[in-house]
Every structure is written in structure tokens, then in C-alpha cells.
**Student:** 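I have a structure I would like to understand better, so I am pasting it below and will then ask my questions one at a time.
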2 protein chains.
Amino acid sequence: MTNRKSQIIELTLKNIQEKGFTSFSYDHLAKELGVTKASIHYHFEKKEDLGVAVCERIQKGLGDVYIVTKESAIAAEEKPFAFILQRIKFLEQNGVCPISALQADYQELSQAMQEKIQQLSQMEVDVLVDLLQDAKQHGSLKSTEDLEALAILLISSTKGALQYKRVLGEDFFHKMLEQLKELLK
Amino acid sequence: MTNRKSQIIELTLKNIQEKGFTSFSYDHLAKELGVTKASIHYHFEKKEDLGVAVCERIQKGLGDVYIVTKESAIAAEEKPFAFILQRIKFLEQNGVCPISALQADYQELSQAMQEKIQQLSQMEVDVLVDLLQDAKQHGSLKSTEDLEALAILLISSTKGALQYKRVLGEDFFHKMLEQLKELLK
DNA sequence: GTCTATATCAAGATAGAC
DNA sequence: GTCTATCTTGATATAGAC
């Protein structure tokens, strides 16, 4: 099966959302796939290699949602929030955002993975800045807005709220989002 | 030494900030203290027991900062942000917020720890709501504000930004905070 | 390309000496 | 209260058969 490799990547992505990078194991992965640990080690010799592959997978997903949002028919001023809502749809029920999970383990990871996580984190900001620029050109944002700072606030509050939501319940995220929209009016 | 127990708790708190709860080990803890694993198992039979003790330690720290902020001489409208800034001072250099670290491992932890983490998370919101109420009475917030929603936004964006700051640099947090203050003007 | 088998190591935990 | 010694488990990883 030539897509065994991508099958492993998808399952790892799910496992990272559930357990985090350091806590998921090849053993558990193998059992879920009905293969042996050795077979996973064949495709990804070290856990770090699998980690890097998952980062690239996340990067692609991020890019895809960006393009879809950018080209979609919805109003430009809605696109930053549409992007965020679209992204969190991909999260497993009660899972953490995989980028947040990787950030949490950041200090324990190899340099190769740290660089990937940096790229991912920066990409999230850049994409939001781009969508905010479009929104601004359509007149929905005050011209004084520092768009990078606004993107940083959007991504920070989103990720923070996702963490609390798992502990304090679904409502938490919606309350945060409504409050944010209220302040941006 | 009767405070060996609290010595262990403090060191564990540091370790959770650096590695997360599931990733720190009794072995590493013991070496840092110059004792054996067994000695730590004596004070905290199971890792879960140590985890609960650390949660209570965090809870106390949270309460202490709340009281100090509440009773301090600074203007009431500054207190919510003063509280947040005071809290993040306790973080190790490049460490994660211990509550965020515990939230990240939430699903893998025992029920006793999950309950403690819930309490901690809710307490953070409650404390901010209280400080925001004081600020509002002093006229610095629009009367239409939903204070719980505002507290949720404050704590979410703070925690999210702390995660990104470790990866993207010190500036990230400050930009988020300035943007937030700008929107609240 | 996938398997069995195994090496190696570190983890949490316990029993019992001092 | 702290130690040595040890048990058990589960992790990453490798060698080599098929």
C-alpha cells in the first residue's frame, strides 16, 4: 500500500491532538493501524522524522484552508474569522490544536522540529495578516489598526480559548469569539 | 527536613513548566534534589498525588496574587492587567504557564487531577471577573460590557500569547497586550 | 515493504534495610 | 525519613528473516 505513509501521518496527527507529541507512541500507533512498530519505523526511522512529516502535513492543511478562504465568495471582512472557524473544524472532538500541542512540547523537541514549529506558528500569523489586509481594503477596519498586532491577538485568543474549552466546556470558545467581535465593531 | 515536601512541590512546578506533567520524571526530580526516587515516592506515593499537591500550590499562588492585587494602591482600572502581569512574572524563563501545561495533558490525567485543573481554570476566570467589576465601578469600562466574556478574552489571549512567545520571541506577548489595551480604550 | 524478535533504556512503583 | 535494590511496563530503535 503506497499510501501507508500518509495513513501513518494522518493517524499521528490525530494522536498528537489527543496526547501530544512526546506522549503518543509508535506502539499505540501500530496497534491502531493493525501493523507492527517495526513497520512504522520502516517508513519513519525516528520519531523525529515522523514529527517533521506531520508538521509538513499541518503546513499543507493551513495553506489549503487559506487558499479556499481567500478565493471564497464570502465578504472580505468576514474572511479572517471564517479562516479561524474553518481551521478549528479540523480538530478532533476534545482534541487540542496540533500546533498548540507541538508548541507545548517545543523545548524538548529536536532542532529540526523546532524550526518546523516556528515556521508553522509564523505562517498562522502571516495568513491572518493577509486576510486582515483584504478586510481593511474593503473598509471594515479602522485605518489605524496595526494588522500584525491584530493578527497576533486573534491567533492568541483563539488558541488560548481552545485550551480552556476542553476543560471548562464548549461555551468558553464562543464567549471569547463574541467578545472579540464586539470589541472590533 | 520537614520542608522536603514543599521543596519537591516547588521543583515539580518548575519541571512542569519546562517539560509538562507527563514528561517530567521522578528520576530527574530526584537527581536535581540529590535524593533517590524512592524518597520522592515516600512523600508522594503516586505521581498523581504529587500532581494534586502541585495544583493546590498553584491555586494558593493564584489566590495570593489576587489578594495582593486587590489590596494594592494602584488604580482599580489597572488591576486586571496588573494581575496578569504579576502572574506571568512567576513563569520560568521560556517556561510555559503551568496551568496551560496541565490543560495540555488534561485528557491523560486522573480524575482527581482533572477536577483540580478545572477548579484552577475557573478560578482564573473568576478572579479576573472580580477585578473587572472593580474597574467597572470606577468607570473605566463601558457599562454594556459582559465582564465574564471580557475575562474569558483576557485569559485566553494571555495564555495563547505565552505559548507563541516561546516559539516566536518576546515581542509576541507585548504586541498582543498592546493591541488588547488599544481595543479596550 | 512488512514482519518477528530483541536490544536498550527509562519510566512508575514497591519491599524492606537502616 | 531516607536509602538500596528490584519489579514491571512500555518506550524508541535495530537486526535480520521473509
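Quick note on labels: first sequence line is chain A, next is B, and so on, each numbered from 1.
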**Student:** Go nucleotide by nucleotide along DNA chain D from the 5' end; which of Lys46(A) and Val35(B) gets its closest nucleotide reached first?
**Tutor:** Val35(B)

**Student:** Ignoring hydrogens and geometry beyond distance, is a side-chain donor-acceptor pair present between Gln111(B) and Glu115(B) at under 3.5 Å?
**Tutor:** yes

**Student:** Look at the side chain of Ser39(B) and decide which nucleotide, out of dC3(D), dA11(C), dT12(D), has an atom nearest to it.
**Tutor:** dC3(D)

**Student:** Grab the OH-P distance between Tyr26(B) and dA10(C) for me, whole Å please.
**Tutor:** 19 Å

**Student:** Whether Asp146(B) and Lys175(A) form a salt bridge (side-chain N of Lys/Arg under 4.0 Å from carboxylate O of Asp/Glu) is what I want to check.
**Tutor:** no

**Student:** Pick the closest DNA chain D nucleotide for Glu48(A) and for Ala38(B) by heavy atoms, then say which residue is nearer the 5' end.
**Tutor:**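 This one resolves to Ala38(B).
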
**Student:** To the nearest Å, give me how far apart CD (Glu45(B)) and C1' (dT14(C)) are.
**Tutor:**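 Answer to the nearest Å: 9 Å.
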
**Student:** Is Ser25(B) close enough to dA10(C) that one of its side-chain N or O atoms is under 4.0 Å from OP1 or OP2 there?
**Tutor:**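 It does not, given that no N or O in the side chain of Ser25(B) lies less than 4.0 Å from OP1 or OP2 of dA10(C).
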
**Student:** Provide, to the nearest angstrom, the distance between the CG atom belonging to Asn3(A) and the C1' atom belonging to dG1(C).
**Tutor:**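 Computing the Asn3(A):CG to dG1(C):C1' distance gives 13 Å.
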
**Student:** Quick one: Glu108(A) CD to dA10(C) C1', roughly how many Å, whole number?
**Tutor:** 14 Å

**Student:** Think Thr36(B) has a side-chain N or O under 4.0 angstrom from the OP1 or OP2 of dC3(D)?
**Tutor:**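 Thr36(B) to dC3(D) OP1/OP2: side-chain N or O found under 4.0 Å.
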
**Student:** Kindly confirm or rule out a cation-pi arrangement of Lys47(A) over Phe24(A), judged by NZ or CZ under 6.0 Å from the six-membered ring centre and within 45° of its axis?
**Tutor:** yes

**Student:** Mind calculating the distance between OH (Tyr42(B)) and P (dT4(D)) to the nearest angstrom?
**Tutor:**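 After rounding, the reported distance stands at 17 Å.
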
**Student:** Rounded to the Å, how far apart are Leu29(A) CG and dT2(C) C1'?
**Tutor:** 16 Å

**Student:** Indicate, yes or no, whether a donor-acceptor pair under 3.5 Å links the base of dT12(D) to the side chain of Lys37(A).
**Tutor:**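 Such a pair exists between side chain and base.
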
**Student:** Report the residues that fulfil salt bridge (Lys or Arg N to Asp or Glu O under 4.0 Å) with Glu170(B), sequence neighbours left out, ordered by chain and then residue number.
**Tutor:**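 Residues passing salt bridge (Lys or Arg N to Asp or Glu O under 4.0 Å) with Glu170(B): Lys165(B).
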
**Student:** In whole angstrom, what separates Gln7(A)'s CD from dG1(C)'s C1'?
**Tutor:**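 Rounded to whole Å, this separation is 14 Å.
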
**Student:** When we call it a touch if two heavy atoms are under 4.0 Å apart, what does Phe44(B) touch: a base, just sugar-phosphate, or nothing?
**Tutor:**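 Phe44(B): no heavy atom of the nucleic acid under 4.0 Å.
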
**Student:** Round to the nearest Å and state the distance from His41(A) atom NE2 to dA11(D) atom P.
**Tutor:** 11 Å

**Student:** Between the side chains of Arg87(B) and Glu124(B), is the shortest nitrogen-to-carboxylate-oxygen separation below 4.0 Å, so that they form an ion pair?
**Tutor:**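 Salt bridge: no.
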
